[in-house]
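Presented below is the structure to which this report refers.
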Amino acid sequence: MKFIYWIFLFVPSIVLAGEWSGYVEGQGRYFIQDALDNSQSDSTLSIAAQPEFFHRWGNDKQSLLFIPFARWDSQDDERSHADIRELIWTYAGKGWESRIGIGKVFWGVTEALHLVDIINQTDLVENPDGEQKLGQPMIKLSLERDWGFLDFYLLPGFRERTFPGENGRLRTHPRVDVDLATYQSDREERHIDLAVRWSHYIGDWDFGLSHFVGTSRDPLFMPALNSSGETVLAPHYELIQQTGLDLQATKGDWLWKLEAIHRNADSGSHNAATGGFEYTIVGISESAMDLGLLTEYLYDDREEETAPPFENDLFLAFRLTANDVDGSELLAGVIKDLDSSAALFNLEASRRIGNHWKVSAQARLWFSIPQDDPLYPFHRDDYFEISLQRFF
Amino acid sequence: MKLFLTTLLLVTIPLAAHALTPEERGLVIAQEIERRDTGFHDFKATMTMLLKNKHGEESLRDMRNQTLEVENDGDKTLVVFDQPRDVKGTALLSFSHKTGDDDQWLYLPALKRVKRIASRNKSGPFMGSEFAYEDISSQEVEKYTYKFIEENDFEGIPTYLLERYPVDSNSGYTRQQVWVDKEQYIPLKIDYYDRKNALLKTLVFRGYQQYLDQYWRADQMFMENHQTGKSTLLSWKKYVFQAGLTDGDFNKNSLKRAR
């Protein structure tokens with residue numbers, strides 16, 4: 001009974017005291033080529049909303065952040081989905097910080113691939129680039145010392161990766177059936193994962209060293225029959241240990257970046273690394289525009305059958321930042337497989353319209369992907385995307 | 001008497017024999033500006049930028065600023081954006097230095113990513129405004145060399161007119177002319193000359209208020225670009241000096257918490 005009173009007294013006062021912001025979005029995707037499978041659509045419209053509630057109290061030492069997210073997609077039932085991106089209470093002590101709830105954490109420095117980043121599961125139906133993440137339940141303790149930050153994570157509750165449904169594009173053939181997910185751990189998605197990260201900076205150098213023990217965010221796939229007798233891929237989540245290093249040297253107009261991981265699992269151990277630079281030409285041809293040139297090499301030592309798409313690849317890109325009132329930006333790049341003809345082209349552009357609107361465009365094109373390439377299922381999924389967001 | 005004379009000679013002769021050069025006099029004034037603005041420890045304030053292009057179209061930026069004075073080095077600053085809404089929660093942490101590049105980290109809330117950024121780009125527009133990062137970052141004596149030009153008036157207020165020359169080769173300016181209030185040692189107006197030594201911008205400080213009986217801050221800073229016809233009015237509000245900020249309010253964790 002007391003608890004009920006608490007809810008009625010405390011929750012409304014918090015909701016009234018805090019501030020709401022966020023966005024709603026309309027998005028269209030157009031796929032240039034016919035799909036491999038007749039059931040897949042050639043274009044899709046979707047709407048999404050991501051409100052944010054934030055309240056700070058106790059001399060700014062404590063805060064509560066709540067970010068729910070939902071998308072409705074006209075074609076793909078799996079892409080119509082909702083998630084709690086964040087629902088987290090933060091307490092800032094003197095020389096330490098704790099976070100408890102559902103949260104989001106990013107580790108890393110490189111642009112083409114995020115090897116070291118491992119806390120949050122990828123919300124793959126949102127974008128094939130893997131940069132959209134699902135909220136992760138966590139208890140985090142961060143110690144702020146002269147010799148750097150030491151962050152401890154306790155991660156109860158595993159999130160399965162999302163995959164496009166039967167009618168969706170950008171999927172494997174056969175499709176992944178998330179209902180058939182299996183785990184190495186007997187506790188399945190209730191396995192408690194642990195992570196620790198030490199990060200620091202000395203002069204121009206920023207670095208982080210991390211270790212993760214728990215269920216892999218990247219599933220293995222096994223062919224299986226689902227309940228309707230359809231051949232599908234069943235995701236299997238192994239237990240892994242991963243040690244990661246991220247490093248950046250900021251030398252004038254040059255950013256030198258490196259991410260490297262070593263991962264151990266029953267299915268084998270492997271090493272992977274991404275490294276390169278971003279060089280910025282400030283004020284090109286006496287304008288206010290900056291031009292960034294990005295080059296990264298992507299390496300993974302796994303053998304043929306288990307090799308990921310980017311195991312000996314070169315990423316080349318440029319980033320144009322207009323520095324104008326509308327915050328116009330353009331990032332265009334290609335990831336080229338050095339062992340085959342395969343190439344992936346990527347373009348992202350955005351600008352503001354007034355103080356509350358933003359328009360973004362994306363294009364992803366796959367070029368001459370050989371049949372044995374892990375990206376082959378997507379080779380006819382070249383697409384253009386346009387989004388309009390209203391922020392409030 | 002003889003002793004008195006000797007003392008007098010010792011004191012006056014070196015001064016007479018060695019009148020300050022315009023460079024020395026300029027430096028002395030710059031040092032006095034800094035001396036009078038030292039010891040505030042920390043402050044918090046909100047910043048609003050009203051951007052206007054030559055057609056009169058307006059755009060708004062809202063930010064919160066907190067600054068910590070660092071002894072024998074540049075200040076530490078944390079700026080959080082509230083407007084435009086698409087960058088809400090984006091925050092910039094800067095450790096400025098008397099010499100060399102500043103250390104800067106940018107927090108992108110959508111990705112939860114903290115990026116160390118190249119701070120050499122100090123001449124570029126700050127958030128699309130007419131202010132460059134170097135115009136609003138911690139103004140340290142060591143960042144320029146100086147030359148005293150003349151004593152004159154700015155809008156009826158007696159001033160020293162100085163010229164200062166950025167030490168950093170990445171600055172967007174060849175020189176700046178600064179009108180300094182003779183009594184309070186605060187800048188009233190700055191003319192910025194671009195790399196071709198043409199007049200680029202003029203900054204005028206208005207509505208100076210004194211805090212803690214010592215530190216003068218302008219309520220408004222109006223920057224006009226003579227070459228593009230654009231302007232930015234930067235308004236400072238809600239100044240709180242000695243708000244109790246410490247080093248712990250200026251690190252990567254507090255950058256992520258700032259929002």
Side-chain angles (χ1 to χ4, degrees), chain A residues 21-23 52 54 56 59-60 63 65 90 92 94-97 103-109 117 120 131 133 142 144 149 151 199 201 203-204 206 248 250-255 278-280 282-283 286 288-290 321-327 350 352 354-358 389-392, chain B residues 51-53 57-62 82-89 95 100-101 103-105 107-130 132 170 172 194-196 228 230 232 243-244 246-249 251-254 256-259:
Chain A
S21 57
Y23 68 84
E52 288 191 30
F54 183 69
R56 207 189 323 244
N59 207 10
D60 293 354
S63 67
L65 175 63
T90 303
K94 246 190 160 46
W96 61 276
E97 179 198 85
K104 211 156 114 177
V105 172
F106 180 86
W107 296 342
V109 291
D117 188 39
N120 290 80
E131 289 200 347
K133 299 290 179 181
S142 179
E144 303 162 3
F149 287 7
D151 300 339
S199 60
Y201 86 97
D204 300 336
D206 288 61
Q248 182 179 313
T250 306
K251 301 281 184 190
D253 298 325
W254 294 85
L255 309 180
E278 177 165 356
Y279 173 67
T280 305
V282 173
E286 299 185 11
M289 276 196 269
D290 297 340
T321 310
N323 288 318
D324 59 351
V325 171
D326 304 314
S350 67
R352 242 189 320 274
N355 269 346
H356 291 276
W357 295 86
K358 187 176 183 175
Q389 287 174 301
R390 168 76 164 95
F391 291 84
F392 54 88
Chain B
L51 282 57
K52 247 186 215 177
N53 67 12
E57 290 163 341
E58 296 182 349
S59 181
L60 209 63
R61 309 276 180 270
D62 277 340
D82 289 324
Q83 289 260 25
R85 291 307 249 185
D86 65 308
V87 295
K88 183 179 159 48
F95 295 173
D101 293 339
D103 302 328
Q104 288 189 316
W105 293 267
Y107 175 59
L108 305 167
L111 301 172
K112 302 281 149 189
R113 183 169 180 182
V114 175
K115 269 184 167 179
R116 175 84 176 255
I117 57 172
S119 64
R120 184 156 288 185
N121 180 8
K122 49 193 54 150
S123 59
F126 181 76
M127 289 298 289
S129 75
E130 295 312 306
N170 294 298
D194 67 12
R195 289 189 178 123
K196 289 177 190 150
T228 63
K230 294 184 199 171
T232 299
T246 64
D247 260 331
D249 296 303
N251 63 34
K252 287 187 200 175
N253 274 354
S254 50
K256 287 187 247 183
R257 276 198 308 270
R259 57 170 295 133

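Within every chain, numbering begins at 1; the chains are lettered A, B, ... in the order of the sequence lines, protein sequences first and strands thereafter.
Considering only heavy-atom pairs separated by less than 4.5 Å from chain B, the leading option among A:S350, A:A92, A:G103 is A:A92. When each of A:H356, A:K358, A:E144 is checked for heavy-atom pairs under 4.5 Å with chain B, A:E144 comes out on top. Note on B:L111, B:L51, B:D194: by heavy-atom pairs under 4.5 Å with chain A, the leading option is B:L111. By number of non-hydrogen pairs under 4.5 angstrom with chain A, the leading residue of B:D101, B:D103, B:N251 is B:N251. For chain B, the option among A:G108, A:G203, A:G22 with the highest count of heavy-atom pairs below 4.5 Å is A:G203. Contacts with chain A were tallied for B:K230, B:Q83, B:R61; B:R61 has the most, counting heavy-atom pairs under 4.5 Å. Ranked by non-hydrogen atom pairs under 4.5 Å with chain B, the options A:K94, A:E131, A:R352 are led by A:R352. Contact count against chain B (heavy-atom pairs under 4.5 Å) is highest for A:D290 among A:N120, A:D151, A:D290.
In this structure, chain A has no heavy atom under 4.5 Å from any part of B:K52. Both the backbone and the side chain of B:N253 have a heavy atom closer than 4.5 Å to some heavy atom of chain A. No part of A:E278 comes within reach of chain B, as not one of its non-hydrogen atoms sits under 4.5 angstrom from that chain. Looking at A:D117, there are no atoms closer than 4.5 Å to chain B (heavy atoms on both sides), in backbone or side chain. For A:D60, the part lying under 4.5 angstrom from a heavy atom of chain B is the side chain only. Within the 4.5 angstrom heavy-atom criterion, only side-chain atoms of B:S123, from C-beta onward, approach chain A. Heavy atoms of A:F149 lying under 4.5 Å from chain B belong exclusively to its side chain. For A:T250, the part lying near chain B is the side chain, with the backbone staying farther off; criterion is any non-hydrogen pair under 4.5 Å. With a 4.5 Å cut-off on non-hydrogen atoms, A:N323 touches chain B through its backbone and its side chain both. Using a 4.5 Å cut-off between heavy atoms, B:F126 makes no contact with chain A at all.
Residues B:D86 and A:Q389 have side chains that never bring a donor and an acceptor to within less than 3.5 angstrom of each other.
No side-chain heavy atom of B:R257 sits less than 4.5 Å from a side-chain heavy atom of A:S63. Looking at A:L255 and B:K115, their side chains never come closer than 4.5 Å, going by heavy atoms from C-beta outward.
Between the side chain of A:Q248 and the backbone N or O of B:R116, at least one donor-acceptor pair lies under 3.5 Å. Under the 3.5 Å distance criterion, the side-chain polar atoms of B:R113 are matched with a main-chain donor or acceptor of A:V109. For the pair A:K104 (side chain) and B:A110 (backbone), a donor-acceptor distance under 3.5 Å is present. Although no hydrogens or angles enter the test, the distance criterion places a donor-acceptor pair under 3.5 Å between the side chain of A:R56 and the main chain of B:A258.
Of all the heavy atoms in B:A118 and A:G252, the pair that sits closest is CB-O, 3.2 Å. The shortest non-hydrogen separation linking A:F106 to B:K112 is CB-O, 3.5 Å.
Electrostatic pairing of A:D206 and B:K252 counts as a salt bridge here, judged by a charged N lying under 4.0 Å from a carboxylate O.
Ring geometry, A:Y201 versus B:W105: the interplanar angle exceeds 60°, so the pair is classed perpendicular (tilted spans 30 to 60°).
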Item to check | Stepwise salt bridge (charged side-chain N to carboxylate O under 4.0 Å, His left out) check, A:E52 with B:R259 | outcome: CA-CA 12 Å; A:E52 288 191 30; B:R259 57 170 295 133; 3.1 Å; yes
